[in-house]
Protein chains: 2
Amino acid sequence: MNQVNKRTRIQERNRAAILEAALEVFSQAGFRGATLDQIAKTAGLSKPNLLYYYASKEAIHTELLSGLMDNWLEPLEALKADGDPIEEIIAYVLRKLDMARSLPRESRLFANEIVQGAPRIIGEITGPLKTLVDEKASVINGWIEEGKIAQINPYHLIFSIWATTQHYADFDVQIRAILPTNGNTRFAEAANFLEHMYCAALKPS
Amino acid sequence: MNQVNKRTRIQERNRAAILEAALEVFSQAGFRGATLDQIAKTAGLSKPNLLYYYASKEAIHTELLSGLMDNWLEPLEALKADGDPIEEIIAYVLRKLDMARSLPRESRLFANEIVQGAPRIIGEITGPLKTLVDEKASVINGWIEEGKIAQINPYHLIFSIWATTQHYADFDVQIRAILPTNGNTRFAEAANFLEHMYCAALKPS
DNA sequence: GTCTATAAGGTGATAGAC
DNA sequence: GTCTATCACCTTATAGAC
């Protein structure tokens, strides 16, 4: 290993540590609420050293958000027109719920951004996200016309899936405070409930 | 009108203007993201004058949140055990959706607070809110035992109602960006969709 | 690449005149 | 009750030594 590779690997490790720390802090406090001090401390670096790797607070946040959008679109992309309609939609619901379970910080990062008007990510929404949703709404409308599922509004179906699944990440504090069970059964319970609800709602009449 | 009453009315008017401005700013930017400058300017007061009425930024935020919690619980309180189960739940869904339409800033104020860990409102959640939810979950469980509705988990039913309705306020920017319709029909569409979904999900098997 | 020191500007809150 | 002026602190970002 030569000096250049060594430096590169240190750089990659530090950049990764910064993004990990930034995800932790931004998702918990929002863009304005987060401070470089917190991120630097969480990453185990000094503040100037952090700014050696990223030019600004904004740059870190932008990199996080853009890096996540691809991941965020994946579950919906996997919805295939040639599968069984209800199975495809239920599988999408469960994939989204599993993302809320395994990537709650990513979900809260988006939630913070969108609740506050999506100033730094509106382009991704009106662009790639809208394109994908329009495409999948067409698929769902096709299923409706074939009589394979009930006549529902595909856009509002998708919104309700986003809402019900991301809720378990975004409003985690509230859910833990209210649920009478103390353990980690809430995602299994949620999966049961959501599967029942969407099966019932989609069954053609 | 004597001098005392006149001063009192001016005070009431200014305090109301401050709370209105604070709702506007806090709901859009979160606690940390909001500044007293913005709130004062929106309220049409100087910053020191604003702090003449409220001791601190925190005091304004606390007053807003505690004043709103009562309003927030009302729709669920109106769910009555002696009504028709499915009609009662659907009416609750539609009341919540109407609150998301008419009070979006209040919804976003809560969303901002809870996404960031509810540091200033956790007591209201573990206290009055949990008490109310436990009570209504019992009512719903009673309906299930009587075979009047399907066997669903009442807590997750309530979570899903919160999620699907508040989503139209909290993620308003995203919804507007994605929906193909330009007008204000989204709440009517949502009402149709949600009524269909919850009717189907609750119908006893 | 990493550090200490510090600049530059924003922000919550107070002092004191009117 | 309301204002101007200002303090004290925080936060982003940079300078420059090592």
Side-chain angles (χ1 to χ4, degrees), chain A residues 1-65 112-113 116 119-120, chain B residues 1-65 112-113 116 119-120:
Chain A
M1 79 180 82
N2 60 30
Q3 186 66 11
V4 170
N5 281 339
K6 194 170 184 178
R7 276 217 299 273
T8 297
R9 272 199 285 123
I10 288 175
Q11 283 198 8
E12 285 312 305
R13 187 166 50 79
N14 279 342
R15 291 179 80 92
I18 290 169
L19 288 180
E20 159 66 23
L23 175 59
E24 184 72 26
V25 176
F26 279 134
S27 68
Q28 217 270 325
F31 180 77
R32 188 76 153 52
T35 69
L36 291 181
D37 268 324
Q38 289 176 288
I39 298 172
K41 189 176 179 183
T42 305
L45 297 172
S46 69
K47 197 161 44 169
N49 197 9
L50 184 151
L51 288 165
Y52 168 79
Y53 288 100
Y54 287 94
S56 66
K57 181 182 179 181
E58 185 98 29
I60 305 174
H61 194 253
T62 301
E63 175 116 344
L64 261 188
L65 278 180
N112 262 304
E113 181 69 9
Q116 301 190 4
R120 286 167 283 267
Chain B
M1 77 180 83
N2 60 31
Q3 187 65 10
V4 171
N5 280 340
K6 194 171 186 179
R7 276 217 299 272
T8 297
R9 273 199 284 123
I10 290 174
Q11 283 199 7
E12 286 313 305
R13 186 167 51 80
N14 279 343
R15 291 180 79 93
I18 291 169
L19 288 180
E20 159 66 24
L23 175 60
E24 185 72 26
V25 177
F26 279 134
S27 69
Q28 217 269 326
F31 180 77
R32 188 75 153 54
T35 69
L36 291 181
D37 269 323
Q38 289 176 288
I39 297 172
K41 190 177 178 182
T42 305
L45 297 171
S46 69
K47 194 161 48 167
N49 198 10
L50 184 152
L51 288 166
Y52 167 79
Y53 288 100
Y54 287 94
S56 66
K57 182 182 181 182
E58 184 99 30
I60 305 174
H61 194 253
T62 300
E63 174 115 343
L64 262 188
L65 278 180
N112 262 304
E113 182 69 9
Q116 301 190 4
R120 284 167 287 266

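So that the names make sense, note that chain A is the first sequence line, chain B the second, and so on, each numbered from 1.
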| request: With a 4.0 Å heavy-atom cut-off, tell me which residues in residues 23-30 of chain A come close to DNA chain C, sorted by residue number. | output: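 Listed by number, there are none.
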| message | For DNA chain C, which residues of residues 42-57 of chain B approach it to below 4.0 angstrom with any heavy atom? | response |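 The stretch gives B/Lys47, B/Pro48, B/Leu51, B/Ser56, B/Lys57 as the residues lying under 4.0 Å from the strand, ordered by number.
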Do [X] and [Y] have side chains that get closer than 4.5 Å, going by heavy atoms?
X       : Y       : result
A/Thr35 : B/Arg32 : yes
B/Gln11 : B/Thr8  : no
B/Lys57 : B/Phe26 : yes
A/Tyr54 : A/His61 : no

Separation of [N] [atom2] from [X] [atom1] (nearest whole Å):
X       : N      : atom1 : atom2 : value
A/Gln11 : C/dG1  : CD    : C1'   : 9 Å
A/Lys41 : D/dC10 : NZ    : P     : 14 Å
B/Arg13 : D/dG1  : CZ    : P     : 11 Å
B/Leu36 : D/dC3  : CG    : P     : 15 Å
A/His61 : D/dA13 : NE2   : P     : 13 Å
B/Asp37 : C/dG9  : CG    : C1'   : 13 Å

| If only atom types and distance count, is the side chain of B/Arg120 paired as donor or acceptor with the main-chain N or O of B/Glu113 below 3.5 Å? |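 Pair absent, no side-chain N/O of B/Arg120 close to backbone of B/Glu113.
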| field | Residue pairs involving residues 18-31 of chain B (criterion side-chain hydrogen bond (donor to acceptor under 3.5 Å, both in side chains); sequence neighbours excluded) | value |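 As it turns out, the side-chain hydrogen bond (donor to acceptor under 3.5 Å, both in side chains) pairs with a partner in residues 18-31 of chain B, which skip direct neighbours, are B/Glu20-B/Arg105, B/Glu24-B/Arg105.
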| message | To check you understand the geometry: which heavy-atom pair defines the closest contact between A/Ala17 and A/Ala43, and what is its length? | response |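 It is O-CB, 3.8 Å.
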| A/Ile18 versus A/Ile39, closest heavy-atom pair with distance |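 Closest approach of A/Ile18 to A/Ile39: O-CG2, 4.2 Å.
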| field | Contact under 4.0 Å: B/Arg32 side-chain N or O vs D/dT11 OP1/OP2 | value |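 Yes, because at least one side-chain N or O of B/Arg32 sits under 4.0 Å from OP1 or OP2 of D/dT11.
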| query | What is the nucleic acid contact for B/Ala59, judged by heavy atoms within less than 4.0 Å: base, sugar-phosphate only, or nothing? | reply |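 No contact.
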| task | Looking at every strand, decide which applies to A/Ala40 at a 4.0 Å heavy-atom threshold: base, sugar-phosphate, or nothing. | result |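 Nothing, no nucleic acid heavy atom in range.
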| Verdict with supporting geometry, B/Glu63 and B/Ile60, side-chain contact (heavy atoms from CB on, under 4.5 Å) | CA-CA 5 Å; B/Glu63 174 115 343; B/Ile60 305 174; 5.9 Å; no
